[in-house]
Structure formats: structure tokens, C-alpha cells
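In what follows, a structure is listed as C-alpha cells, so that the remarks can point back to it.
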Amino acid sequence: MTQVITSKVKKLRSDFLNVRNTTSLIFEPISIEDAVMQSDPFGSTPNWHIAHVTWFFQKILEKYKQDVGDNSINTDYLNSYYQRYRKILPKSDRGKFPRPKVSETLKYRSLIEDMFLKFLDYIEKNNSLVHNIAYDIELANQHEMQHQELLIYDLQHYFQRFEDPKDNYEPKITKKTKSMIFGADIEQDMVRISGGIYELGFSGDDFCYDNEIPEHKTYLNPYQIDRYPVTNREFIDFIDSGGYQDYRFWLSDGWDLVNEKEWKAPLYWQKIDGDWYKKDFAGLNKVPPNEPVTNVSYYEADAYSKWVGKRLPTEAEWEKAASWNEDLKRKTMYPWGDDLPLDLNANLLESWKWAPAPIGSYPQGRSHYGCHQMIGDVWEWTSSEYVLYPGFSSKFSEYTDKWAINQKVLRGGSFATPRLQIRNSYRNYFKPHERIPFSGFRCARDLL
């Protein structure tokens, strides 16, 4: 194991404290009654989320022989899917077993936080940080960031069930999106991207998930890709044209779902007096026409793409459009360059907007090719199957490896994705029918 410079410990400690504080900010407005409810088997109770991420830090402590001792609660409820830790509470049953109690969870979080900070202090004092330990600590921080977004998915799904618009989740921090006067005048167009060999995957020295590497060559034909994500206004055109009633645009499994579930619009949409409305974190409002469409499945994204005479991009096409800089002759970490996201670049969790921003809102976040909002706002479906890259080697078994079947890759993050979580090479993945994630899309077209 190779030793890492001890200044890295200070960053790990800072990230740990920040991520724990952000989770608390999200959790604090939730009542005890709402904290133990599970509205869909897709998700989990808020209480389970914050207990589970603490359990993950406990497992890191145990891995490196730290004596956790009597943690005062039964953690048997908190294993998500790790077979090596044996007892697993099925995901669909998490709401049926509201344990640990909320008060116990908060006490547990405090106890493990103190132990983890002492562990970091010990590492710093003894100059004993090595790459394996650094990766696992960073993974634990990133794991909690993932659950922050999953928790927000669950809050959206849970509170939209209540008809009273005021019966809603009320965030502790909310920032307004600046009014985009020119937003209504923006027309969707496409940018041209040359073909050739492209090196797909993460190419930096900082943390990445093991499914982002190794970087490897792939060949792309020349193509076009939408400058902006598909908007609500564009998707309403698809609805109004009878898109949900025309089998020609749908994959077979998707068409079965449309009929079985009676899909007529994206998740959460409802028609009131001839207009589409949606209850979200701002209450019940008309669907904003210039925002990227969200909460659509892969099937809906694919059907729309066919209806408009285009297709979904592959993940390699998406990544090149976001990453490649023709002037520098290299990839960048983000569409705008290598600097970490700021409010002027992208709409992410720490923007505290709680919704996608209208297209055109982040001109300083566009890519070299001129694609806007590829980071933040909505995850974007690609046509690629989630498979592991050639030469893949697991860095933490059962984290990304065993899910590489029957899932589609999404790229770019959403308005609920933490800033330190996302980059151009980040690979998210969901099953094609799932609509609870904040997922949207942009289209591509061949240029052959």
C-alpha cells in the first residue's frame, strides 16, 4: 500500500463534515411520522437513509480494525444489498420495519461521527494514510452524497401524493432561479461533433468510481446532439400529437407499460382545466414550459426521440460532447473546464433550487461544442447498456460491479446531485422503466 500525503486527511475530514451537515439540512424539516414512511418499493424511508449511510461508515471503521464496540442499536435493518455482511432487510420491507427509531438513529449518527473523526485524527497524527484507506473513506463520503439525492427522490414521491399543495416538504434552504427573459425565445438546435477514436472514461488523478475506468478507446461516427435538454414544452407537443397512444414509437416493453400503467404524461403530471400541472417542492403549479422535462423513463425518452426523428445518444457520444475540447486537444473534467462547479456553471444540490432551471440559464456552463446544461438539472438517459468497461477491476466489491445487467446509463447529474459527486465521466444507471429519478434526456442524430 502506497502512502498518501497527510494533507489529504484534512480534505477527507472537511468533506466528511460537510456531507454529514448537508444530510442533516435535508433531514431536519421531516417530521417523525414522515421519516418512517416508504411510499414506493423503489425508495426507502428518510430514517433508513440516514441510518444506512452511518452504517456504511461503521463498516469502514470495522474494515480497518477500529473497535466500534456497543453502538447501542440493532444494525441488522441497515444492510442494503451486501451479501458479505449477511443479513439483509429486503428493500420493499424497509417501511414495514421502522427501526431503528428516529431518536436511536440520531444518537447512532452522532456516535459513529465521533468515532470516525477520531479515526481520521489517528491517521493524521501517525502519518498513516495509504491509498486503500483514502479510497474507502472517500467512497463512504460519496456514498452518503448518493443517498442525499436518493432521499430527495423519495421526498418528491412521498409528498406529491397529498392533494393539499401546502402539505409538502419545506426545505431549510431555497434559492430562487433567476428569471430568464429570453428563455421563451430559445429554439432547440443541434451541434455537430466529428467522428473518430474517442477515449471513454475517467482520466484524472482524483477520486472516481471503479466503473468509470479504465479509460479505453471507442470509435464514433460523426453525429449531432441537441444543444439543450428536451423541454416540457417540446414533450407536451409529443403528448398532444398522440405519442402515448401510438405503438410505432415504443419499444415492446415500454408499450406494455404504457397500457398497463395507463401512462399519459411524465410522472407527477396531472391535467387541470386543460393545462398540465405538477406538484413538486414549490407546491402545485403549471408545468414550466422552458424547463427540461424530468421524471421520464427510458422508454418515454426513446419514444419521443423516435417521434421527432432522432435517437438517444450513446454514453460515449454524450461524454465526448461534454468533455472534448478541440482547442486543447484533450478532455476536461466538466463541460466548462476543470474547475469545480459553481452556481454560474450548473444547477446542482448546493444551488438549492429544488427544480431544473430553464434552458439557457447557465451559458458559462456550456461545453466546447456549445451544449448547455450537461451537468446538473436532469440526469440524461443514453442508449447504452450499463456494462463494465474492458479491463474493469473492482475497488469495492458489490458497489458497482454486480448491477451491470438490464440497466441503462444516465449521465450529467440533476438539481439534487451534490457538487463533489458529479463529473463528465460519472455513470449513473437505472432500469428503463424507472421514473422516480430526476431523469430527462437530449437527442442525437447520425451524420453519415
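- Only one option out of E315, E385, E434 pairs with K408 in a side-chain hydrogen bond (donor to acceptor under 3.5 Å, both in side chains); it is E385.
- Salt bridge annotation for D275-K271: absent, with no cationic side-chain nitrogen under 4.0 angstrom from a carboxylate oxygen.
- Residues satisfying the ring-ring contact (aromatic ring centres under 6.0 Å, His included) criterion with Y135, sequence neighbours excluded, are F207.
- Under the rule for a ring-ring contact (aromatic ring centres under 6.0 Å, His included), the partners of H372 that lie at least two apart in sequence or sit in another chain are Y228.
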(request) Dump the intermediate steps for side chain to side chain contact (heavy atoms under 4.5 Å, CB included) on S323 and M333, then the final yes or no. (result) CA-CA 7 Å; S323 303; M333 187 75 69; over 6 Å; no

(message) Run W318 and E380 through side-chain hydrogen bond (donor to acceptor under 3.5 Å, both in side chains) and show every step you take.
(response) CA-CA 9 Å; W318 189 99; E380 299 185 21; 2.9 Å; yes

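- Remark: W379 pairs with Y426 by the ring-ring contact (aromatic ring centres under 6.0 Å, His included) rule, at least two apart or across chains.
- At a threshold of 4.5 Å between non-hydrogen side-chain atoms, the residues N232 and N290 do not count as touching.
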(message) Evaluate W55 against Y85 for ring pair (Phe, Tyr, Trp, His ring centres under 6.0 Å), listing each step before the verdict.
(response) CA-CA 11 Å; W55 170 88; Y85 299 133; 5.4 Å; yes

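- Taking the centre of each ring, Y209 and F202 stay at or above the 6.0 Å mark.
- Judged by distance alone, the side chains of Q83 and E398 never bring a donor and an acceptor atom under 3.5 Å apart.
- Side-chain contact between Y369 and P335 is absent, with no heavy-atom pair separated by less than 4.5 Å.
- The shortest side-chain heavy-atom distance between D327 and H368 falls under the 4.5 Å cut-off.
- In this structure, W381 has its ring center no closer than 6.0 Å to that of F441.
- Ring centers of F57 and F16: under 6.0 Å apart, within the cut-off.
- In plain terms, the two heavy atoms of I186 and G360 that are nearest each other are CD1-CA, 3.8 Å.
- Both the sub-6.0 Å distance and the 45° axial angle are not jointly satisfied by K431 relative to the ring of Y386.
- At a cut-off of 3.5 Å, with distance as the only test, no side-chain donor of Y362 or D343 sits close to an acceptor on the other residue.
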(request) Go through N141 and D15 one step at a time and tell me if the side-chain hydrogen bond (donor to acceptor under 3.5 Å, both in side chains) criterion holds. (result) CA-CA 7 Å; N141 285 334; D15 289 349; 4.9 Å; no

(request) Let me see the working for E149 and S414 under side-chain hydrogen bond (donor to acceptor under 3.5 Å, both in side chains), right down to the final yes or no. (result) CA-CA 9 Å; E149 180 162 2; S414 77; 2.8 Å; yes

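- Between F235 and W307, the ring center distance fails the sub-6.0 Å criterion.
- Remark: the D154 side chain and the H49 side chain contain an N/O donor-acceptor pair separated by less than 3.5 Å.
- No more than 12 heavy atoms of other residues, nucleotides or ligands sit less than 6.0 Å from atom NZ of K261.
- Between Y244 and W250, a ring centre-to-centre spacing shorter than 6.0 Å is recorded.
- Exactly one of R445, K320, R192 qualifies for a side-chain contact (heavy atoms from CB on, under 4.5 Å) with Y223. That residue is K320.
- Side-chain contact of D210 with Y399: a donor-acceptor pair under 3.5 Å is absent, judged by distance alone.
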